[in-house]
Number of protein chains: 2
Amino acid sequence: MAVSIWLRPERTGRGPSPAFDRGRIAAAGVALADADGLAAVTMRAVADSLGAAPASLYRYVATRDELLELMVDQVNGDVSYDGLGAGDWLEDLLALAREARERYRAHPWLLDGIEAKIPLGPRATDFLEHALAACAAASVEPGTAIEAVAVILALVGALTRAELGRRAIGLTDSERRQAKSEYAAQIVKAGDHPHVAAALASRAAEQATDPDAQFDRVVTRVLIGLLGGR
Amino acid sequence: MAVSIWLRPERTGRGPSPAFDRGRIAAAGVALADADGLAAVTMRAVADSLGAAPASLYRYVATRDELLELMVDQVNGDVSYDGLGAGDWLEDLLALAREARERYRAHPWLLDGIEAKIPLGPRATDFLEHALAACAAASVEPGTAIEAVAVILALVGALTRAELGRRAIGLTDSERRQAKSEYAAQIVKAGDHPHVAAALASRAAEQATDPDAQFDRVVTRVLIGLLGGR
DNA sequence: GGCTACTGCGAACGACGATCGCAGTTATGG
DNA sequence: CCATAACTGCGATCGTCGTTCGCAGTAGCC
């Protein structure tokens, strides 16, 4: 029950051939989100833009969240991997970063979230003030300081998210997490994506290592790299 | 019309004294979100947990999004700034990063978003595979490689978000963005938060500089710092 | 050719965010 | 001191949303 959409095969079998497929539905959703934001992606709107009835979508997608998952994956496909592996790794990663930036620029709704905008509430401003004061002590040019703080906050968010996600992959928490875990297992079994499989395996093994020490190490490295060595 | 909640004064004046205040409402929302996720934060649920009717909340908050804004700011207040400025800037920033991590750990819904979980769709796996291959070329230990990729993606997201936010602060886009801009102007005028004011001002001025070059510079620095120099 | 597993979908349900107007309450000003 | 004005909480309600159910039609399988 509630298995991940990537493990469920696309339509095949006995009845009449389906009018659409996951790709077309995802594309319709992406078009709506690009035009009017994530909130405009309602089941009715997607169905309308496809010339179908709302209820029909549920033949392809179990829930709206799955539709969003389809949209994210669709957008993740707009990446060119040409010319990778020719130069050094730094160039490769920079190129991938640029690709990711293009993705976010073209589809800003990917960044939609509760902390999406630059945080500017009163207490957030307090935090920002202290962080910028520390940056000033590092004699960072003020123009890039606020960028640096944004990087730090995103970095912390990513590490925390990774930490929470690690538990999700390792342990069987809720059903939904277990579904994700099953898909990860299938990636490992499939054999393509060897690096991803290795990372997932080592991630499960590394579960015992101290995440706090790793956190400090990563943050320190990034800060030194970003703001200059001591 | 549609002015930011931080510019609107909390209740005062003639009528009967209000039963709650923004702080209590925000706390109720945070409690619900901590317990059952962001989706559990409905106007009815918050009102119920406060012993009030749903319609009453709209005396304190114009919309549900404003309630979420209140919640985020409330949570941003759970930060200790003690001992800052004593050591060097690196220690200060690391301490602030740890504070932020505690915040995310205590309130995981802050990280809720469309790309919140570790992306594991088929096309996302392709991207991950290429990025991890580049990390392998840099001879990063596989356990931290996937962490590094998460950092890179978050970094790109933050920079892009900052880029989009920069336009929002500088230009008068929609009404909502303009409201944020007005609050930024008030921060500058108020005089406390001098570093934030300076950053906002320089950000407006720096609008003409090439964001792409800055992007490459920041990403390169972080990558070198994170994965080792060449 | 009948059985079976599919198809799209009309109609409906419950929950949600938000609005409106009303009765009650309190500070203010003449 | 009281009338007025500006607030209060809130019952009732509206439109929209995600989702479900059952039905009529269709295509492959034995």
Side-chain angles (χ1 to χ4, degrees), chain A residues 1-3 5 8-26 28-29 32-33 35-72 109 112 114 175-176, chain B residues 1-3 5 8-26 28-29 32-33 35-71 109 112 114 175-176 179:
Chain A
M1 190 69 79
V3 65
I5 189 172
R8 243 177 304 144
E10 191 131 8
R11 228 66 76 58
T12 170
R14 212 162 301 198
S17 65
F20 321 107
D21 54 46
R22 290 179 183 169
R24 281 195 58 189
I25 294 182
L32 284 173
D36 297 311
L38 250 194
V41 184
T42 69
M43 301 302 274
R44 292 170 218 268
V46 171
D48 267 4
S49 86
L50 249 45
S56 306
L57 289 184
Y58 289 91
R59 293 280 174 208
Y60 302 85
V61 150
T63 167
R64 180 174 180 263
D65 276 347
E66 269 193 6
L67 169 62
L68 298 183
E69 213 164 334
L70 245 49
M71 288 167 54
V72 171
W109 44 270
D112 272 8
I114 193 166
E175 291 194 8
R176 200 177 166 73
Chain B
M1 189 70 81
V3 65
I5 190 173
R8 244 177 304 143
E10 192 133 4
R11 229 64 79 57
T12 170
R14 210 161 301 197
S17 67
F20 321 107
D21 54 43
R22 290 178 183 168
R24 281 196 56 189
I25 294 183
L32 285 173
D36 296 312
L38 251 193
V41 184
T42 69
M43 301 301 274
R44 293 172 219 268
V46 172
D48 267 4
S49 85
L50 249 45
S56 306
L57 289 184
Y58 289 93
R59 293 278 176 209
Y60 302 84
V61 149
T63 168
R64 179 174 181 264
D65 276 347
E66 269 192 6
L67 169 62
L68 298 184
E69 213 163 336
L70 245 50
M71 289 167 55
W109 44 271
D112 271 9
I114 193 165
E175 290 194 9
R176 199 177 166 73

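All chains are named by letter (A, B, ...) in the order of the sequence lines, taking the proteins before the strands, and each is independently numbered beginning at 1.
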Has the side chain of A:Arg64 got a donor or acceptor atom sitting under 3.5 Å from an opposite partner on the base of D:dG18? no

Which part of the nucleic acid, if any, lies within contact of B:Thr42, taking any heavy atom under 4.0 Å across all strands shown: a base, the sugar-phosphate backbone alone, or nothing? sugar-phosphate

Nearest-Å distance, CG (A:Leu68) to C1' (D:dG18)? 12 Å

Point-to-point distance, once rounded to the nearest 0.5 Å, from CG of B:Leu38 to CE of B:Met71: 5.5 Å

A:Asp36 CG - D:dT16 C1' separation (whole Å): 16 Å

Whole-Å distance between C:dG8 P and A:Asp48 CG? 16 Å

Hey, does the side chain of A:Ser17 come within less than 4.0 Å of D:dA27's phosphate (OP1/OP2), counting only N and O? no

Atom pair distance, as rounded to whole Å: CZ in B:Arg59 and P in C:dA18: 15 Å

Judged by each residue's nearest nucleotide on DNA chain C, which is more toward the 5′ side, A:Arg44 or A:Ser56? A:Ser56

Given atom CG of A:Leu57 and atom P of D:dG18, what is their separation to the nearest angstrom? 10 Å

To the nearest angstrom, the CG-P distance between A:Leu32 and D:dC17 comes to 12 Å

Whole-Å gap separating P (D:dT20) and OH (A:Tyr58): 7 Å

What integer distance in Å separates A:Arg14:CZ from D:dG25:P? 21 Å

Can you tell me how far the CZ atom of B:Arg44 sits from the CG atom of B:Leu57, to the nearest 0.5 Å? 11.0 Å

